[in-house]
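Here's the structure we're looking at; comments come further down.
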Amino acid sequence: MCGIVGIVGKSNVNQALYDALTVLQHRGQDAAGIVTCHEGRLFLRKDNGLVRDVFQQRHMQRLVGHMGIGHVRYPTAGSSSSAEAQPFYVNSPYGITLAHNGNLTNVDQLSREIYESDLRHVNTSSDSEVLLNVFAHELAVRGKLQPTEEDVFAAVSGVHRRCRGGYAVVAMITGYGIVGFRDPNAIRPIVFGQRQTDEGVEYMIASESVALDVLGFSLIRDLAPGEAVYITEHGKLFTRQCAESPKYSPCIFEHVYLARSDSFMDGVSIYKARLRMGEKLAEKIRRERPEHDIDVIIPIPDTSRTSALELANHLGVKFREGFVKNRYIGRTFIMPGQAARKKSVRQKLNAIDLEFRGKNVMLVDDSIVRGTTCKQIIQMAREAGAKKVYFCSAAPAVRYPNVYGIDMPSAHELIAHGRSTEEVAELIGADWLVYQDLSDLIDAVGGGKVKIDNFDCAVFDGKYVTGDIDEAYLDRIEKARNDASKARSTAVSAIIDLYNN
């Protein structure tokens, strides 16, 4: 999960890119970067950290130019090296910079091809740099001194033929324009829009529609699976379907957790979808325990609040805010390392005792991934005086790794993997655990005005829409993650030892 943005404007776009990245900060808190283009020259700033920390006034003053791209990142493979902050750059052809959200599942094969056939060098372990070199090679073989939109779309078609996985991309071709494209299954989200200024029309590409809203852009639409949009530096817009067999299979977990509630994705309101998740949960609770003894429903802030409120409304049970959140602590789900997640929960949330004391409490969260966070929160509820603590997940049980750009690569880290609902409830310390049914989740997300027949639900059902994932692949990424975790733990221990000595 990362956030991407690209803008072709009529004046300097540095502030607009910065503002867009702050809106997309929830998609990645590990690193941030912006590159702009002015008179054929590139100006780049990227580093580890939040947007507000990476970009100081002196950096912003140097980011001149009326077109540019930006990125916020979190590490899908466990690495948090500043060398892997995006955007990435290659000088040939033309000078191309690229920012990417997602994950390539055939990155090892592509890395060999790039070195052995394309004669290109990749300097990091990031699949985004691999994707950039594939795109650059496909554009270079066109052999044009000045690329046209036909050349750009042909290069994107070449990317789709060679790359597997989920990816949404913005790339800037120095002195020519910005291209955005989406994988043939539309797993990762990407939208584009426009705004009218006194100087003319400006265009923007972003991961979520909320970034367009905040900057005053009107949403044109989502990119279709396999589609590309190319905006020249002079503001001409072209779109083209570049995949041979596109199929709509967007990631359903975007609607559960990743996206902001004020976004629209593929025509679906995230907010409305989460309301419907609450309705479906209420129906399930009525079916399973029509004589339930729930006194109060309390959301675990922030993502679950919408579903919890609708759940309370439909059950006729009081809705209360029982936790106060420290908003200066990052999202624990995307923090690298189990120790960091454990420590951060107590720093992040504090219980309001009077909402728990002597009550049967139903806690609602968007999902349960590793189980570490909810276990601690349930314990906090008991310490605050709750008689019974029930737990409700707006998503089904997460049983399988995600391989398309969300940090769930290891099955054995997932608390529901190979376990029943009752076993998970015992492990997290809940008196009763309710999971959303997958069919209900699909109805909730796809049940609005826009009908989507197929979703990527691999984390729930183990069915990977790209068709290239087997046990051998899952074993490899699990080993890679374990190795990365060990290396990270060793590095942290070394720093602690150095500090203590």
Would you please indicate if the ring centroids of Y400 and F460 are separated by under 6.0 Å? no
Report yes or no: does [X] contribute a side-chain atom to a donor-acceptor pair with the main-chain N or O of [Y] at less than 3.5 Å?
X    : Y    : result
D183 : N185 : yes
Y203 : K236 : no
H417 : R399 : yes
Q436 : A395 : no
S367 : V369 : no
E149 : D151 : no
H71  : C2   : no
T22  : D19  : yes
H137 : R120 : no
T36  : G65  : no

* Assess the side chains of E129 and N133: does a donor N or O sit below 3.5 Å from an acceptor N or O? => no
*Scan side-chain atoms only and decide if S126 and E84 contain a donor-acceptor pair under the 3.5 Å cut-off.*
no
All heavy atoms of Y176 vs all of Y230, minimum pair found to be O-OH, 3.5 Å
Shortest non-hydrogen pair, G33 vs L21, comes out as O-CD1, 3.7 Å
Check the pair D262, R260 against salt bridge (charged side-chain N to carboxylate O under 4.0 Å, His left out), reporting the backbone distance first and the verdict last. CA-CA 5 Å; D262 45 350; R260 271 182 45 157; 2.6 Å; yes
Any heavy-atom pair between the side chains of [Y] and [X] that's under 4.5 Å?
X    : Y    : answer
V107 : S111 : yes
T373 : I368 : no
Y167 : V159 : yes
T303 : R274 : yes
Y464 : L474 : yes
V268 : I452 : yes
L44  : P87  : yes
C251 : I406 : yes

Per side-chain contact (heavy atoms from CB on, under 4.5 Å), M277 is matched among K272, E310, H255 by H255
Is the shortest side-chain N to carboxylate O distance from [X] to [Y] below 4.0 Å?
X    : Y    : answer
D437 : K284 : yes
R162 : E138 : yes
R27  : E254 : yes
D468 : R164 : no

### Message
Angle between ring planes, H38 versus F43, binned at 30° and 60°: parallel, tilted or perpendicular?
### Response
tilted
Mark yes or no: K46 above the aromatic ring of F88, with NZ or CZ under 6.0 Å from the six-membered ring centre and no more than 45 degrees from the axis.
yes
TODO: Count the heavy atoms belonging to other residues, nucleotides or ligands that lie under 6.0 Å from OH of Y248, then report whether that count exceeds 12.
DONE: yes
Discussion item. Is it the case that atom NZ in K463 sees more than 12 heavy atoms from other parts of the structure closer than 6.0 Å?
Written reply: no
One should read off an interatomic distance between K10 NZ and M67 CE, to the nearest 0.5 angstrom, of 12.0 Å
Result for side chain to side chain donor-acceptor pair (under 3.5 Å) between E202 and one of R195, Q196, Q194 points to R195
Between S249 and the options N454, D456, T466, the side chain to side chain donor-acceptor pair (under 3.5 Å) test singles out N454
Pair F192, T239 - check side chain to side chain contact (heavy atoms under 4.5 Å, CB included), show working. CA-CA 11 Å; F192 66 103; T239 61; 4.2 Å; yes
